[in-house]
2 protein chains.
Amino acid sequence: MPEDERLPQPATPDIDLVTVLHALGDPVRMRLLLSYADGAEHSCAPRDLGLEHLHKSTVSHHMRVLREAGVTTTRVAGRNRFVSLRRTDLDTRFPGLLDALLTAAPQQARTGPGA
Amino acid sequence: MPEDERLPQPATPDIDLVTVLHALGDPVRMRLLLSYADGAEHSCAPRDLGLEHLHKSTVSHHMRVLREAGVTTTRVAGRNRFVSLRRTDLDTRFPGLLDALLTAAPQQARTGPGA
DNA sequence: GCAACAGTTTGACGCTCGTCAAACACTATG
DNA sequence: CATAGTGTTTGACGAGCGTCAAACTGTTGC
């Protein structure tokens, strides 16, 4: 039997652009996106994501928003959940968008308003 | 003397990615973006923007959000205001982002969840 | 000057959002 | 079975958002 399952998420053609932009229009979720940009799977622990200042239930809420928007996928394995970016799905649905975002976001961290 | 002026807007280096995504994460403002994608100047009248169902003060509010996020610029000429996209500024700050958005948004209108 | 015009501002309303805390499920381990 | 670990769900709270209506500012034109 399959040892792991995935949490519910929209099918690729059902990913809505405005919903994705709304999901990414929050500083915490943008930081999560950058964490996931390495293509690897990440646990949900706030300390693994540079979010020690946030309650675990808050992080769980943000990850749900990203998943329901179609940005991430969550694999359930035992008592752990592994979250990763739906890179190919997003590239299929919105070509160039993810690349532009992942280029722009770290660049802004060095040269932008917050620097 | 200059016959027209511009409403306050952030300088190009001060345009914040998360703020832009937040501004665009609303269906009304996404529609405005698509209207402005032709590069031309547009008036603020709801009927010129496919927003007859919205009050003019609501449209004014959305245009303020877009302008303060750095997405649009507003030129004041007499009793009219002409709004247009800050395309080169956005391309400078976030290369490829606007192209990806303007490619993705209309495509979704034909093949996406709403179709 | 006065009325019409284009758009903004203010105030109000309901709804959503981000956050925390506590309680809850489920899994792994003794 | 009991306990600890990982993460979710629920409820609460304040803050912000989208909308409308009305009042307001400034401009054009009679």
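Residue numbers start from 1 in every chain, and the chains themselves are labelled A, B, ... in the order their sequence lines are given, proteins ahead of strands.
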Which residue pairs satisfy the side chain to side chain donor-acceptor pair (under 3.5 Å) criterion with at least one member in residues 20-35 of chain B, sequence neighbours excluded?
B:Arg29-B:His62
So how far off straight is the helix from C:dG1-D:dC30 to C:dG30-D:dC1, going by the axes through five pairs at either end, to 10°?
10°
For B:Thr58, all residues meeting side chain to side chain donor-acceptor pair (under 3.5 Å), sequence neighbours excluded:
none
Can you list the residues that meet the side chain to side chain donor-acceptor pair (under 3.5 Å) rule with B:Arg64, with sequence neighbours excluded?
B:Glu68
Does the side chain of B:Arg64 get closer than 4.0 angstrom to OP1 or OP2 of C:dT8 through an N or O atom?
no
Among C:dG7, C:dG18, D:dG7, which is the nearest nucleotide to the side chain of A:Ala45?
D:dG7
Run the ring pair (Phe, Tyr, Trp, His ring centres under 6.0 Å) test against A:His61 and tell me which residues pass, sequence neighbours left out.
none
C:dG7 P sits how many Å from B:Leu7 CG, rounded?
12 Å
Gap between atoms CD and C1', on B:Glu41 and C:dA6 respectively (whole Å):
15 Å
What is the distance from CD of A:Glu68 to P of C:dG18, rounded to the nearest Å?
12 Å
Nearest 0.5 Å please: distance from the CG atom of A:Leu24 over to the CG atom of A:Leu66.
6.5 Å
B:Leu32 has an atom CG; how far is it from atom C1' of C:dG7, in whole Å?
15 Å
Strictly under 4.0 angstrom, non-hydrogen atoms only: write out the protein contact profile of nucleotides 19-30 of chain C, one letter per nucleotide from the 5' end, B, S or -.
BBBB----BS--
Nearest heavy-atom contact between A:Leu102 and A:Ala37 is CD2-CB, 3.7 Å
Length of the NE2-P vector between B:His22 and C:dT16, whole Å
15 Å
Integer-rounded Å distance: D:dT27 C1' and B:Phe82 CZ
13 Å
Under the rule for side chain to side chain donor-acceptor pair (under 3.5 Å), what residues qualify as partners of B:Thr74, not counting sequence neighbours?
none
Sequence-distant partners of B:Arg86, salt bridge (Lys or Arg N to Asp or Glu O under 4.0 Å), two or more places apart
B:Asp89
Looking at residues at least two apart in the chain, or sitting in another chain, which of them share a side chain to side chain donor-acceptor pair (under 3.5 Å) with A:Ser60?
none
Distance check needed: D:dT6 C1' versus A:His42 NE2, whole Å only.
17 Å
Euclidean distance, atom CZ of residue B:Arg75 to atom P of C:dA6 [Å, nearest integer]:
16 Å
